Amino acid sequence: MFNYQHILAPIDLSDSSNPVIQRARELAEHYDARLTLLHVVENIPLGAEPFGEPSSLMMNEELHQQQLRNANQKMQTLTTPFSLPLNVEQTIKEGFTTSTILEFANHKQIDLIVIAHSGKKGFLGFLGSTADAIVKSADCDVLVVKHQLY
């Protein structure tokens with residue numbers, strides 16, 4: 001039987017993160033594996049300026065730093081009820097969500113990604129979710145935790 005050594009749980013800091021954190025923690029304890037929680041902050045343009053420079057509508061540095069501080073604070077608030085061991089790594093990275101998760105997983109030699117899937121489709125149902133993209137592109141095993149909508 002395969003023994004996972006390092007488990008990655010990408011979380012978006014929403015309610016769908018709770019079952020992912022719980023499942024990843026259980027698996028890490030079962031396999032005596034390292035666990036890393038990862039949140040990706042995207043620096044998304046605030047809008048599109050016709051015939052202009054799109055970078056002029058990027059979030060200013062002060063707002064971006066506030067976004068990072070808020071993500072750190074939310075990560076701590078979200079993970080506190082789970083009584084995670086001290087050796088659980090909590091990381092916040094900047095970039096495009098899917099590519100950042102995949103790069104992080106390859107760089108850290110992750111052998112299992114535990115990720116949420118809400119079941120919702122993207123714009124008009126044409127764009128796939130982050131979970132779909134991770135399942136298709138990851139070089140390691142992926143466990144998709146369906147978020148139950150009640």
Side-chain angles (χ1 to χ4, degrees), residues 1-46 55 58-150:
M1 177 176 211
F2 188 78
N3 190 20
Y4 295 111
Q5 301 295 309
H6 194 175
I7 298 171
L8 174 64
I11 56 176
D12 64 4
L13 305 178
S14 73
D15 289 342
S16 64
S17 298
N18 293 335
V20 170
I21 295 169
Q22 183 63 35
R23 185 71 51 89
R25 180 176 189 240
E26 291 168 358
L27 289 165
E29 288 174 353
H30 177 79
Y31 287 105
D32 194 27
R34 291 174 33 219
L35 174 59
T36 299
L37 305 178
L38 172 66
H39 175 68
V40 179
V41 174
E42 289 190 296
N43 192 1
I44 301 171
L46 299 175
S55 64
M58 295 298 281
M59 189 179 302
N60 70 36
E61 187 59 27
E62 183 179 330
L63 285 174
H64 183 66
Q65 291 303 317
Q66 181 62 42
Q67 186 181 30
L68 290 173
R69 283 191 298 274
N70 289 344
N72 273 307
Q73 193 173 43
K74 180 96 176 184
M75 173 88 78
Q76 294 306 315
T77 302
L78 180 69
T79 58
T80 299
F82 291 97
S83 302
L84 296 171
L86 292 176
N87 63 347
V88 172
E89 181 181 350
Q90 298 180 30
T91 303
I92 294 178
K93 293 282 188 186
E94 298 177 64
F96 294 107
T97 304
T98 301
S99 59
T100 302
I101 292 168
L102 293 168
E103 289 167 10
F104 187 89
N106 286 333
H107 176 73
K108 293 286 191 169
Q109 299 176 328
I110 301 294
D111 44 25
L112 175 64
I113 299 173
V114 180
I115 192 165
H117 190 294
S118 67
K120 298 177 186 174
K121 296 290 183 191
F123 177 69
L124 298 178
F126 297 127
L127 301 176
S129 71
T130 300
D132 292 334
I134 298 298
V135 167
K136 291 175 185 171
S137 302
D139 292 333
C140 62
D141 291 347
V142 179
L143 172 66
V144 178
V145 178
K146 285 200 75 152
H147 180 67
Q148 300 299 320
L149 301 173
Y150 298 102

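The basis for the numbers below is simple: all heavy atoms, side chains too, and nothing from hydrogens, waters or symmetry mates. Keep in mind the model is a prediction, meaning the values are calculated, not measured.
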Can you give the donor-acceptor pairs under 3.5 Å from side chains of residues 104-113 to other protein atoms, not counting sequence neighbours?
unit_1	atom_1	unit_2	atom_2	d
Asn106	ND2	Leu102	O	3.4
Asp111	OD1	Gln5	N	3.3
Asp111	OD1	His6	N	3.1
Asp111	OD2	Gln5	N	3.0

Can you list, pair by pair, the side-chain donor-acceptor contacts under 3.5 Å of residues 134-141, counting residues two or more places apart and other chains?
unit_1	atom_1	unit_2	atom_2	d
Ser137	OG	Ala133	O	3.3
Asp141	OD2	Tyr4	OH	2.6

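Residues satisfying the side chain to side chain contact (heavy atoms under 4.5 Å, CB included) test with Thr100, not counting sequence neighbours, are Val40, Lys93. For Ala24, the side chain to side chain contact (heavy atoms under 4.5 Å, CB included) criterion is met by Ile7, Ala9, Leu35, Val114, not counting sequence neighbours. Asn70 pairs by the side-chain hydrogen bond (donor to acceptor under 3.5 Å, both in side chains) definition with Gln66, not counting sequence neighbours. Taking Ala71 as the reference, Leu13, His39, Val41, Ile92 meet the side chain to side chain contact (heavy atoms under 4.5 Å, CB included) condition, with sequence neighbours excluded. Remark: Glu62 engages no residue in a side-chain hydrogen bond (donor to acceptor under 3.5 Å, both in side chains) (not counting sequence neighbours). With sequence neighbours excluded, the residues forming a side-chain hydrogen bond (donor to acceptor under 3.5 Å, both in side chains) with Glu26 are Gln22, listed by chain and number. Under the side-chain hydrogen bond (donor to acceptor under 3.5 Å, both in side chains) criterion, Arg25 pairs with Glu29, not counting sequence neighbours.
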Could you walk me through whether Glu42 and Thr97 pass the side-chain contact (heavy atoms from CB on, under 4.5 Å) test, one step at a time? CA-CA 7 Å; Glu42 289 190 296; Thr97 304; 3.3 Å; yes

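Separation of atoms CZ (Arg23) and CD1 (Ile21) is listed at 13.0 Å; rounding is to 0.5 Å. Leu27 CG to Leu143 CG: the interatomic distance, rounded to the nearest 0.5 Å, is 6.5 Å. Here CG of Leu68 is found 12.5 Å from CD of Gln73. Values are rounded to the nearest 0.5 Å.
Looking at Asn72 and Gln90, their side chains never come closer than 4.5 Å, going by heavy atoms from C-beta outward. Contact check for Leu78 versus Leu37: no side-chain heavy atoms found under the 4.5 Å cut-off.
Counting only residues at least two apart or in different chains, salt bridge (charged side-chain N to carboxylate O under 4.0 Å, His left out) contacts with residues 66-75 are absent.
Nearest heavy-atom pair, Ser17 versus Ile11, reported as atom, atom and distance to 0.1 Å: OG-CB, 3.4 Å.
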